[in-house]
Chemist: 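Before I ask anything, let me first share the structure, which is written out below as C-alpha cells.
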Protein chains: 2
Amino acid sequence: MTSARARTGRPRSAEADRAILDATRAALVELGWGKLTMGDVAARAGVAKTTLYRRWAGKNELVVDAVAALFDEHLDLPDLGSLAADIEGVVLRFAALLERPETKTALMAVVAESTRDEALRVRIRRAIVDRQKRLVLLGRERAQARGELPLEEDATAAARNADLIFDVIAGAVVHRALVSGQSVDEEWARGFTALLVGGLSGV
Amino acid sequence: MTSARARTGRPRSAEADRAILDATRAALVELGWGKLTMGDVAARAGVAKTTLYRRWAGKNELVVDAVAALFDEHLDLPDLGSLAADIEGVVLRFAALLERPETKTALMAVVAESTRDEALRVRIRRAIVDRQKRLVLLGRERAQARGELPLEEDATAAARNADLIFDVIAGAVVHRALVSGQSVDEEWARGFTALLVGGLSGV
DNA sequence: CCAGTTACGCTACGACTCGTAGCGAAAGAG
DNA sequence: CTCTTTCGCTACGAGTCGTAGCGTAACTGG
C-alpha cells in the first residue's frame, strides 16, 4: 500500500513540501486567509505554482495541512495531578495555538469552507479536531483513574458524553479567543474550569 | 444627527436595500460564502454593482448585515419557568439559526476575516454577538429573580462571569454545529444543560 | 417651476487571481 | 540507457475586483 504508488520515476521533493508549508504559514501571518494566494505561496517557497497544484487541490487543503503541522507539534499534555489542573492545562494549550496569527485567521476560515465541502470537513477533523479531542479524552481517563470521575458502563453514552465535553471545552476557548476576541489567560482558564467542574449551581 | 446627512438630493431606495440583503442571503444558500460575488448579488437584486459599493465597503460588511437581519428576527426568549428550561431554550434558538445554510457558511467566514479587521469585528459584535448575549443575560436575571442563582455584589466580577457563561454556551453550540458538524437537537441540549448547571462533578 | 444635490443604471477599464496546458530538463528505477 | 514521474517555466482564457465616467431619475429648498 505504501509503496504501491510512484515506485518509479522522479520522487517528490520532501524539501519542497516543507518549504511550501512554511511559506503558507508565513503568508497567513503576513496576509491572512483572505489575501493569501497560491501564486504568492509558490513564490515564497521558491517553487512553481504548478507544483502546488500537483500536491494540493487548492487553498483550503493546503492551509489545513499547514496549520495541522502546528497542532501536531504543540499538542501534548503532561499529567498535572488533578482534573481541574488538567482542564486548565488543556485550555491553555488550545489557547496558545489559537492565539497564533496563523491559526487565528486560518481555522475559522477553513471550517467555514467545510460547511459546503464534506471532504474538507473530514480532512479538518482528522488533521486537527481529533488531535485536540485526544487531549480531552486523555484528561478524562486520568480523572477516572484518580476516582474524580465515575467510570461509565454504557459505551455509547460515554462516547456521547465525551463529545459533549469536548465541544464545551474547545467551543468555549474558540469563542472566547476568536468571537469575543479576548485573551484566554490563566485567570479565565481558572474561572472556566471552576464552572465546568462545579456547574452554575456549584457554590 | 439622524437628519444631518442627505437632507437633500435623491434618497436611497429602501426597497433596493431589502432586495440586496435578500439576494445576499439567497446567494449564500446557493453558492456559499466562498463563491459568492458582488456582481452576482447585484444581478440577483436587480441593481447595479456600483450601488452595492455605494452602501457597503465589500463582501464582509454586506454579509454581516444580511445575516444580522436573521438574528434580529429570530432571537427572543420566552420565560420557560426555570433556569434549566431557559438554557435549553436559548441553546435551541442559537442552533436553529446556526443550522440555516445562510448563517452556517457565513458566520465563521466573517469571524475569520474579522481577526485581521478590527472595524469588522466591532460590526459583528454589535450586529450579531451582542444580540445573542442579551438572551444569556436575560436568562441569568430571571434565574436570579427566581433564586436559582445568587445575586452578585461585585459588578465587574458579575460582568466577567456573564462573559464566561456566554462564551461557554455560544461556543459549545457553535462548535457542535459547525466544527463537529452534528445536529444540536433536544437531547443534546438537555445533556449540555445538565452539564452546565451541575458540572462534571454533579452526579 | 427651477436650480441644486444626491442616487441610480450602465459601460468600460486595468489589475489581479485562478487553474490548466504544453514544453524541455532533471532525477530516480530497472 | 530507457522509462517514468516531477520539476520550473511560460502562457493562456476565464472570472472577479473595485473604480471612473456618463447621462438620467428623484427629491428639496427657493
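Each chain gets a letter, A, B and so on, in the order its sequence line appears, and its residues count up from 1.
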Chemist: Can you tell if the side chain of B:Arg93 reaches within under 4.5 Å of the side chain of B:His74, non-hydrogen atoms only?
Modeler: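 The answer is no; the side chains never approach within 4.5 Å.
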Chemist: Please find the pair of heavy atoms, one from A:Asp86 and one from A:Leu80, that lie closest to each other, and give the distance.
Modeler: OD1-N, 2.9 Å
Chemist: Tell me whether the side-chain N/O atoms of A:Arg10 come closer than 4.0 Å to OP1 or OP2 in D:dT4.
Modeler: no
Chemist: Expressed in angstrom and rounded to an integer, what is the separation of A:Leu52 atom CG from C:dT17 atom P?
Modeler: 14 Å
Chemist: Let's see if you get this right: which residues in residues 21-45 of chain B place a heavy atom under 4.0 Å from DNA chain C?
Modeler: none
Chemist: Name the residue closer to the 5' end of DNA chain D, choosing between A:Ala48 and B:Thr50 according to the nucleotide with the nearest heavy atom.
Modeler: A:Ala48
Chemist: Given B:Val47, which partner from the list B:Asp17, B:Val41, B:Ile20 fulfils the side chain to side chain contact (heavy atoms under 4.5 Å, CB included) test?
Modeler: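 By the side chain to side chain contact (heavy atoms under 4.5 Å, CB included) criterion, B:Val47 pairs with just one of B:Asp17, B:Val41, B:Ile20: B:Ile20.
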Chemist: Grab the two heavy atoms, one from B:Val197 and one from A:Ser201, that are nearest each other, plus how far apart they are.
Modeler: O-OG, 2.8 Å
Chemist: Exactly one of A:Val168, A:Leu195, A:Leu196 should register a side chain to side chain contact (heavy atoms under 4.5 Å, CB included) with B:Leu196. Which one does?
Modeler: A:Leu195
Chemist: Using whole Å, report how far CZ of B:Arg12 lies from C1' of C:dT5.
Modeler: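 So the two atoms are 14 Å apart, to the nearest Å.
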Chemist: Rounded to whole Å, how long is the line connecting atom CG of B:Asn60 with atom C1' of D:dC17?
Modeler: 14 Å
Chemist: Please confirm whether the shortest side-chain N or O distance from B:Thr51 to OP1 or OP2 of C:dG9 is below 4.0 Å.
Modeler: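 So the side chain of B:Thr51 is within the cut-off, an N or O lying under 4.0 Å from OP1 or OP2 of C:dG9.
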Chemist: Over all strands shown, is B:Ser13 touching base, sugar-phosphate only, or nothing at heavy-atom distances under 4.0 angstrom?
Modeler: sugar-phosphate
Chemist: In whole Å, what is the span from the NZ atom of A:Lys59 to the C1' atom of C:dC18?
Modeler: 11 Å
Chemist: Should B:Arg54 be listed as having a side-chain N or O under 4.0 Å from OP1 or OP2 of C:dA7?
Modeler: no
Chemist: Where is the tightest heavy-atom contact between B:Glu113 and A:Gly34, given as atom of each residue plus distance?
Modeler: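 In this case the closest contact between B:Glu113 and A:Gly34 is OE2-CA, 3.7 Å.
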Chemist: Record whether the side chain of A:Lys49 comes under 3.5 Å of the base of C:dG19 through a donor-acceptor pair of N or O atoms.
Modeler: yes
Chemist: Using whole Å, report how far OH of B:Tyr53 lies from C1' of D:dG21.
Modeler: 18 Å
Chemist: Please walk me through it: do A:Arg123 and A:Asp65 pass salt bridge (charged side-chain N to carboxylate O under 4.0 Å, His left out)?
Modeler: CA-CA 9 Å; A:Arg123 193 189 191 100; A:Asp65 284 6; 3.0 Å; yes
